[in-house]
Amino acid sequence: MRVERTFGHIPGYPEGSCFGTRAELSHSGLHRPRIAGISGRGHCGANSVVLAGGYEDTEDCGDEILYTGHGGRDPETGCQVAHQTLTRGNLALACNKRYGLPVRVIRGAREPSPYAPTAGYRYDGLYRVDAYWREVGKAGFFIWRFRLCKIVELPHQGSTTATLSPPHKV
DNA sequence: TCCATGCGCGGCC
DNA sequence: GGCCGCGCAGTGG
C-alpha cells in the first residue's frame with residue numbers, strides 16, 4: 001500500500017475528536033499503528049504520537065509535553081530495563097525537530113495527566129518537536145526525551161503573527 | 001524481521 | 001458493580 005506521509009491535520013477529524021479504541025483511532029488516519037505510540041519511520045519523521053501512560057518518564061503539562069521515546073522496556077513488565085537508542089520512532093521524532101515537521105498528539109485515558117480524557121482517546125492537535133535529548137530515566141537507564149510544544153493556530157484574525165506555519169502538505 | 005504507550009476476560013473486593 | 005491483573009492476538013512502521 002502506498003502510504004503518504006501526511007503531516008498535520010486529517011480532514012474530517014478536528015482537534016478534540018474522540019475515539020473509543022486504538023482500532024478506531026487507526027481507522028481515522030490520525031494514528032495508524034494499533035499498538036505503537038509513535039507513528040513514523042527513521043528518516044521520514046513521525047506523523048503522530050500517543051500518550052497512554054506507557055512510559056513512566058513522560059510528563060504532560062498541557063501545551064508542553066516531555067515525551068519519552070520507545071524501546072528499552074521489558075515486554076512483560078513494561079519497566080525500563082535497558083537503554084533506549086535513537087532508532088525507529090525515536091529517530092523519526094528527531095527528524096521532526098530537524099525539519100520542523102508537526103506531529104499529531106493523541107491522549108489516552110491511561111495517561112496519568114489532568115489533560116487526559118476520562119475514557120478512550122482524544123486528538124489534541126498539532127505539536128512541534130522543540131528539542132530532544134538523552135537523559136537518565138527513573139529506572140536508571142538512558143531514555144530519549146522529546147519536548148513537544150503545542151502549535152497555536154489563530155482562528156482567522158487576519159494573517160497576524162503565526163509563529164509557526166500551519167502545516168499544509170509537505 | 002522485529003518491535004510496538006492494547007484489549008478483553010476472569011477473579012477478587 | 002467496579003477495579004485490577006494476567007494472557008494473548010494481530011497490524012503497521
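Letters A, B, ... mirror the listed sequences (proteins, then strands); counts begin at 1.
Hydrophobic clustering, with ILVMFWY side chains joined whenever heavy atoms are under 4.5 angstrom apart, keeps A/Val105 apart from A/Leu126.
Taking the ring-ring contact (aromatic ring centres under 6.0 Å, His included) definition, one finds that A/Tyr123 meets it with A/His9, sequence neighbours left out. Applying the salt bridge (charged side-chain N to carboxylate O under 4.0 Å, His left out) test to A/Arg88 and every residue at least two apart in sequence or in another chain returns nothing. With sequence neighbours excluded, the residues that form a ring-ring contact (aromatic ring centres under 6.0 Å, His included) with A/Phe146 are A/Tyr132. With sequence neighbours excluded, no residue satisfies salt bridge (charged side-chain N to carboxylate O under 4.0 Å, His left out) with A/Arg73. With sequence neighbours excluded, the residues that form a ring-ring contact (aromatic ring centres under 6.0 Å, His included) with A/Phe142 are A/His83. Taking A/Asp124 as the reference, A/Arg107, A/Arg122 meet the salt bridge (charged side-chain N to carboxylate O under 4.0 Å, His left out) condition, with sequence neighbours excluded. Under the salt bridge (charged side-chain N to carboxylate O under 4.0 Å, His left out) criterion, A/Asp63 pairs with no residue, sequence neighbours left out.
Within 4.0 Å of A/Gly40, counting heavy atoms only, lie sugar-phosphate atoms of the nucleic acid but no base atom. As judged by a 4.0 angstrom heavy-atom cut-off over every strand, A/Gly71 is placed among residues touching the sugar-phosphate backbone only.
In this structure, A/His70 reaches the B/dT5 phosphate: one of its side-chain N or O atoms is under 4.0 Å from OP1 or OP2. For B/dA4, neither phosphate oxygen OP1 nor OP2 lies less than 4.0 angstrom from any side-chain nitrogen or oxygen of A/Arg73.
For the segment residues 52-63 of chain A, residues with any heavy atom less than 4.0 angstrom from an atom of DNA chain B are, sorted by number, A/Ala52, A/Gly53, A/Gly54, A/Tyr55, A/Thr58.
The line from CG of A/Leu86 to CG of A/Leu91 is 5.0 Å long, rounded to the nearest 0.5 Å.
One can place CZ of A/Arg104 at 17 Å from C1' of B/dT5, the figure rounded to the nearest angstrom. Here B/dA4 presents its P atom at 17 Å from CG of A/Leu51, a figure rounded to the nearest Å. Whole-Å rounding puts the A/Glu24 CD to B/dG6 P distance at 14 Å. The distance between atom NE2 of A/His27 and atom P of C/dG12, rounded to the nearest whole Å, is 11 Å. Atoms CG (A/Leu93) and P (B/dA4) sit 14 Å apart, rounded to a whole Å. Between A/Asn47 atom CG and C/dG12 atom P the separation is 14 Å, expressed in whole Å. Rounded to whole Å, the distance from CD1 on A/Ile38 to P on B/dG6 is 12 Å. We find that CG of A/Asp74 is positioned 14 Å from P of B/dT5, with the value rounded to whole Å.
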Using a cut-off of under 3.5 Å, enumerate the N/O to N/O pairs linking the protein to nucleotides 10-12 of chain B.
none

Atom pairs, N/O to N/O, protein against nucleotides 7-9 of chain B, distance under 3.5 Å?
residue	atom	partner	partner atom	Å
B/dC7	OP1	A/Arg22	N	2.4
B/dC7	OP2	A/Tyr121	OH	2.9

Watson-Crick or G-U pairs under 3.5 Å in DNA chain B, rendered as dot-bracket with [ ] for crossing pairs and | for another strand: .|||.||||||||

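Panel note: side chain A/Asn96, backbone A/Ala46; a donor-acceptor pair is recorded below 3.5 Å.
Side-chain contact between A/Lys138 and A/Gln80: absent, with no pair of heavy atoms (C-beta onward) separated by less than 4.5 Å.
A salt bridge links A/Glu135 with A/Arg145: the closest approach of a Lys/Arg side-chain nitrogen to an acidic carboxylate oxygen falls below 4.0 angstrom. A salt bridge is absent between A/Glu59 and A/Arg147; no separation between the charged side-chain nitrogens and carboxylate oxygens falls under 4.0 Å.
Residue pairs meeting the ring-ring contact (aromatic ring centres under 6.0 Å, His included) criterion with at least one partner in residues 86-114 of chain A, sequence neighbours excluded, are absent.
Listed nucleotides B/dA4, B/dG6, C/dG13 differ in distance to A/Val50; the shortest reach to its side chain belongs to B/dG6.
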